[in-house]
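Report on one structure; see the data block that follows.
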Amino acid sequence: MPPITAPATLPDTARRTTAPAWLVMLLVCAGQFLVVLDVSVVNVALPAMRTGLGLSELGLQWIVNAYVITFAGFMLLGGRAADLFGRKRIFVLGLALFTIASLGGGLAQQPWQLIAARTVQGVGAAVLSPATLTILTTSFPTGPARTRAIGTWTAVGAGGGAVGGLVGGVLTESLSWRWVLLINVPVGALVLAGAVLWLTESRQGTGRRLDVPGALLVTGGLALVAYGIVQTETDGWASASALLPLAAGLIVIAAFLAVEARAKAPLMPLGLFRLRSVSSANAAMVLAGAAMFSMWYFLSLYVQNVLGYRPLQAGLSFIPHSLSIVLGSKIAPRLMNRVGAKTLAITGAGISAAGMVWQGTMDVHGSYLGTILGPGILMALGAGLTATPIASIATSGADPADQGLVSGLINTSRQMGGALGLSVLSTVAASRTEADNSPQAMADGYGLAFQVGSLILLVSLVLMIVALPRRRADAAHG
């Protein structure tokens, strides 16, 4: 899904950049494009990565999850670091970390090396991404100029997610899977040089401290829970290898909540969740993300492992899906004005759930029109229609000074839900392929994952009906 934005204000201590506006826009949007692209670009390359490095099914999941979990866990910390230490400095640091990790991943010779590189990439992305938006909001004056800048930034983010499958397919087939990561190196180096030369430093200048323990605890807790879930694929839910990391993860998450309750400048202010709009919207987003995020992962494996698509064919086959999610995201604000945010969120989740039920009927003899295109458009369109109204409801009840933070929480909830959802649904899929790796068994496993995903999305839909406030006034007092 494209990134969700919230209004931002220009701090009094911010200094205007002396570089041309178009150059600032180009540099910042290029950084954001790389971050969003890397969420989706590896999906088409996964089968080639598995063959090239001898990855297990567990390793394949962690190529995706290592990036997503660290990206989500450190995103709020990255945004605060940019305010405290300078937007340019943090932008350069995040981009350098992301670029170096991309080089390490592209040159990896062992599975653990690739997973480690993806982990560092996620940290770099979490540091880089919030800085891109704050640089824009401190470089353009309030009014039409800033509105156009944020609109361009949002469109570039949506475009990065949309073209990820196609870019991954082209690079994997024409060069190798390694170039899915290596392509970031020359682009990142070029943007890095431009940022050092032309961006001007700005900072909020507050005395607030960074909640590094909070970021480490929430990231570590989620990683342990995800690891415990995927261990159940081979060892079962009652095994020590699954229960120990699950228990440890829950303990670490409890420690995170304790730290946040006492921190003077918490990463995630728990008081915000007393607002009905914030708590219900984030809960709905976690569940929706758990169901929707895995769509690209399982579709990529299905079309290549079962239907025999080449990487480029797989990338091309997902273009209608990508256009559908962008379309849904773009028309959502207009539809919200007509039917209301809550109604639109419920409708979008229903459309996506219907697509998942349809997708769950996939088999070894599936066709593109009947098995990939139809359900894929429904799933993607529904996802695009759901995210924006949920974010709008979450921010509507919060104080204006907290809207940026609440927007960040929604993005974090979506990514964290996606990471845990991938772990759960991969375990579900593996239950059908544990003793049989035939195309039919794989098709059955992927289909079962979509069916369970549709149930998770229906739970999210029910939660939206019951808990989401309908009107702005409800959000403010709910």
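Keep in mind that the numbers below use all heavy atoms, side chains included, and drop hydrogens, waters and symmetry copies.
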Inset, instruction - Check the pair L246 / L224 against side chain to side chain contact (heavy atoms under 4.5 Å, CB included), numbers first and verdict last. - result: CA-CA 6 Å; L246 280 171; L224 285 168; over 6 Å; no
Legend entry - Check: S129 and F71 side chains under 4.5 Å, non-hydrogen atoms: yes
Legend entry - Heavy-atom pair of closest approach, residues L463 and A283: CD2-CB, 3.6 Å
Legend entry - I229 vs V225 side-chain heavy atoms within contact, under 4.5 Å: yes
Legend entry - Heavy-atom side-chain proximity of L55 to M49 below 4.5 angstrom: yes
Legend entry - Intermediate values then yes/no, side chain to side chain contact (heavy atoms under 4.5 Å, CB included), V42 and R118: CA-CA 10 Å; V42 301; R118 290 286 288 169; 3.7 Å; yes
Inset, instruction - Working to the nearest 0.5 Å, report the span between OG of S322 and CG of L327. - result: 12.5 Å
Inset, instruction - Rounded to the nearest 0.5 Å, what's the gap from CE on M379 to NE2 on H321? Could you check? - result: 6.0 Å
Inset, instruction - Using atom types as modelled and distance alone, determine if a side-chain donor or acceptor of T70 lies under 3.5 Å from a backbone N or O of Y67. - result: yes
Inset, instruction - Just do the side-chain hydrogen bond (donor to acceptor under 3.5 Å, both in side chains) check on S102 and Q121 with the steps written out, would you? - result: CA-CA 7 Å; S102 297; Q121 263 193 315; 2.8 Å; yes
Legend entry - Nearest heavy-atom neighbours spanning G370 and P375: O-CD, 3.8 Å
Legend entry - Heavy-atom closest pair, residues A223 and I69: CA-CD1, 4.0 Å
Inset, instruction - Locate the shortest heavy-atom distance separating L457 from M292; write the atom from each residue and the value. - result: CD1-CE, 3.7 Å
Inset, instruction - State, to 0.1 Å, how close A443 and V364 come at their nearest heavy-atom pair, and which atoms those are. - result: CB-N, 3.8 Å
Inset, instruction - Mind checking the OG1-CG spacing from T99 to L182? Nearest 0.5 Å is all I need. - result: 11.5 Å
Legend entry - S294 (side chain) donor-acceptor with Y297 (main chain) under 3.5 angstrom: no
Legend entry - Any donor-acceptor N/O pair, Q359 side chain to F450 backbone, under 3.5 Å: no
Inset, instruction - Fit a plane to each ring of W296 and F318, take the angle between them on a 0 to 90° scale, and name the class: parallel (under 30°), tilted (30 to 60°) or perpendicular (over 60°). - result: perpendicular
Inset, instruction - Determine whether F98 and D38 make a side-chain contact, defined as any pair of heavy atoms from C-beta on separated by less than 4.5 Å. - result: yes
Inset, instruction - Give a yes or no on whether the backbone of I456 and the side-chain of S460 come within a donor-acceptor separation of less than 3.5 Å. - result: no
Legend entry - I393 and P469, any side-chain heavy atoms less than 4.5 Å apart: yes
Legend entry - Short side-chain to backbone donor-acceptor contact, S352 and G348, under 3.5 Å: no
Inset, instruction - Would you check if L53 and Q113 make a side-chain contact, meaning some heavy-atom pair closer than 4.5 Å? - result: no
Legend entry - Side-chain heavy atoms of L301 within contact of L60, under 4.5 Å: yes
Inset, instruction - For the pair T172 (side chain) and G169 (backbone), establish whether a donor and an acceptor sit closer than 3.5 Å, ignoring hydrogens and angles. - result: no
Legend entry - L95 vs L34, side chain to side chain contact (heavy atoms under 4.5 Å, CB included): CA-CA, chis, key distance, verdict: CA-CA 9 Å; L95 183 57; L34 286 176; 4.2 Å; yes
Inset, instruction - Start with the C-alpha distance between V424 and L420, add both sets of side-chain angles, then the distance that settles side chain to side chain contact (heavy atoms under 4.5 Å, CB included), and finish with yes or no. - result: CA-CA 6 Å; V424 171; L420 295 178; 5.5 Å; no
Inset, instruction - Look up atom CG in L37 and atom CG in N184, then write down how far apart they are to the nearest 0.5 Å. - result: 7.0 Å
Legend entry - Separation of D363 CG from T371 OG1 (nearest 0.5 Å): 6.5 Å
Inset, instruction - Drop me the distance from L316's CG to L166's CG, to the nearest 0.5 angstrom. - result: 5.5 Å
Inset, instruction - Would you confirm whether T361, through its side chain, and V357, through its main-chain N or O, come within 3.5 Å as a donor-acceptor pair? - result: no
Inset, instruction - Please work out which of the three classes, parallel, tilted or perpendicular, describes the rings of Y446 and Y302, given edges at 30° and 60°. - result: perpendicular
Inset, instruction - Could you tell me whether the side chain of I346 reaches within less than 4.5 Å of the side chain of L468, counting heavy atoms only? - result: no
Inset, instruction - Work out which heavy atom in A349 is nearest to a heavy atom in M464; give both atom names and the distance. - result: CB-CE, 4.0 Å
Inset, instruction - Look at the side chain of S279 and the backbone N and O of R274, then say whether any donor-acceptor pair between them is shorter than 3.5 Å. - result: no
